[in-house]
Number of protein chains: 2
Amino acid sequence: MKEGPDIALLGSLIGDPARANMLMALMAGKALTATELAAEAGVTVQTASSHLSKLEHAQLISPRKQGRHKYFTLSNEDVGDFLENMLGLAAKQGYMRTRTGPKDEDLRRARVCYDHLAGELGVKAYDSLLKHRYLLEVNGDLRLTASGKAFFDKLGIDTMPMKALRRPLCKACLDWSARRSHLAGSLGTALIDKIFENGWAKRRENSRIVTFTREGEKKFSRLFS
Amino acid sequence: MKEGPDIALLGSLIGDPARANMLMALMAGKALTATELAAEAGVTVQTASSHLSKLEHAQLISPRKQGRHKYFTLSNEDVGDFLENMLGLAAKQGYMRTRTGPKDEDLRRARVCYDHLAGELGVKAYDSLLKHRYLLEVNGDLRLTASGKAFFDKLGIDTMPMKALRRPLCKACLDWSARRSHLAGSLGTALIDKIFENGWAKRRENSRIVTFTREGEKKFSRLFS
DNA sequence: ATAATGCTTCGACTAATATCGAAATATGAA
DNA sequence: TTCATATTTCGATATTAGTCGAAGCATTAT
């Protein structure tokens, strides 16, 4: 039984609380410095440096040097999707860190999942896109239809340049709280960027939580009804 | 950042090589005794007992006492699906335990994924079912059509009694080797059972690998063309 | 230059835990 | 009963790995 990939390595990397905290912080999508990540993890910078080098070596995170700062992000969306998936099983099994509080409610409502929108509102958008046949599921792949292209055009999202990217245009990601799919891929990224750009919502500091303005949520709901 | 579920706990459980080996062995779907799992993990029974109690306590595996033996299986298909997912990321990141050998090729071809068929042939069946519209993807859920019901009826699989179960009839599971979906859920279980029953294939001892007979593979391919 | 900030390396300490031998418990066989 | 097998518990050991202080390197600010 020594066939196949080694999940123990991946498990042990995530199995340390400090590293898990770092990865969760990076799930918010923003690039963070080593010092910031140390604070998130609740350890000194020396300890953090050791953890970060392990995560980097395993290609779960990628560094980007900028002056004397070193910014980290998750290496790619596969890592983000997997972590979301892991959150799903952990939640289902009842591995919770804190008693459910008001923050938890906000988190379930709307949050950043690495580079796209997750939570109830993310699922809502996804469902709506499928309902109106802006997206179609074909053989496990997600495809953008002509009317979908028009829909995003009207939103001010040009889907043309995305075609060229190696990264899939649209993709489903399983939501840990709703246990339903939401939109990922470069289209998912473009959508959440547009939401922030329009001022419909903003990131909560040091959190994955996305807080919609009253007006923003109204517009969002009308758009994805 | 102490919001949400605790993935570190889940990670550390899988992070130990002995436990990871045990879980991988259980991915073959067969119930195994504590002694067998100890052998799979390469540790003594005392050590295995300790690991098993941890996995059981975390509800990743479930025991079933039978005389003086204690049989373990994965607790539910969510655990199996998650492990398959984890294998996917581990493989993509290049966390392999052994150099790719002939066994690896067989594993990619056809294998058991806890309680259903995975690998190239599993993906092939899934694609075919969608192509012929025996299955439909509706809003992220998989639905069996009337013609699909007839298809399985002809195969000798009665889908009626499955309706009553709480477990979903059909469900997609992401394949680690093909990085495509294959059929899970109770229908997936029924299908692989039928394959074994028909003598089209059999499990390889102490492995997830499923070996098809020449004749069996021909019939399988014709069925899911 | 000199100082300050961000990060890494080194070394020592500590805590956690995987490990197994020995013994205990439980079930089944003779 | 007596013996054999399966599993668990206890206790001791050893290894691992997370931790941080101190020092070093690199970059930026003054």
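Chain identifiers are assigned alphabetically (A, B, ...) following the order of the sequence lines, protein sequences preceding nucleic acid strands; residue numbering begins at 1 within each chain.
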- Is there a donor-acceptor contact under 3.5 Å linking the side chains of Thr189(A) and Arg167(A)? yes
- Note on the structure: In short, salt bridge (Lys or Arg N to Asp or Glu O under 4.0 Å) pairs touching residues 22-31 of chain A with sequence neighbours left out are Lys30(A)-Glu205(A)
Sequence neighbours excluded and cut-off under 3.5 Å, please list the side-chain donor-acceptor pairs for residues 62-74 of chain B, or say none.
{"from": "Ser62(B)", "atom 1": "OG", "to": "Ser75(B)", "atom 2": "OG", "distance (Å)": "2.9"}

Please tabulate, one pair per line, all N/O donor-acceptor pairs under 3.5 Å involving side-chain atoms of residues 47-57 of chain A, not counting sequence neighbours.
{"from": "Thr47(A)", "atom 1": "OG1", "to": "Thr44(A)", "atom 2": "OG1", "distance (Å)": "3.1"}
{"from": "His51(A)", "atom 1": "ND1", "to": "Arg19(A)", "atom 2": "NH1", "distance (Å)": "3.1"}
{"from": "Ser53(A)", "atom 1": "OG", "to": "Ser50(A)", "atom 2": "O", "distance (Å)": "3.4"}

- Message: Short of 4.0 Å, heavy atom to strand atom, which residues of residues 47-73 of chain A count as contacting DNA chain D?
- Response: Thr47(A), His51(A), Lys54(A), Gly67(A), Arg68(A)
- Task: Walk along DNA chain D from 5' to 3' and tell me the first and last nucleotide with an atom closer than 4.0 Å to a non-hydrogen atom of chain B.
- Result: dA4(D) to dT9(D)
- Message: Test your reading of the model: is there a side-chain donor-acceptor pair from Asp158(A) to the backbone of Met160(A), 3.5 Å cut-off?
- Response: yes
- Are Arg111(B) and Ile209(B) side-chain neighbours, meaning at least one heavy-atom pair lies under 4.5 Å? no
- Message: Using side-chain heavy atoms (C-beta onward) and a distance below 4.5 Å, is Glu217(A) in contact with Thr213(A)?
- Response: no
- Task: Would you jot down, in residue-number order, the residues of residues 10-18 of chain A having a non-hydrogen atom under 4.0 Å from DNA chain D?
- Result: Asp16(A), Ala18(A)
- Measure up the His116(B) and His182(B) rings against each other and bin them: parallel (under 30°), tilted (30 to 60°), perpendicular (over 60°). tilted
- Heavy-atom check, side chain of Glu40(B) versus side chain of Asn206(B), under 4.5 Å: yes
- Message: Nearest whole Å is fine: how far is dA22(C) P from Gln46(B) CD?
- Response: 10 Å
- Query: Using 30° and 60° as the class limits, which term best fits the ring planes of Phe82(A) and Phe82(B): parallel, tilted or perpendicular?
  - Reply: parallel
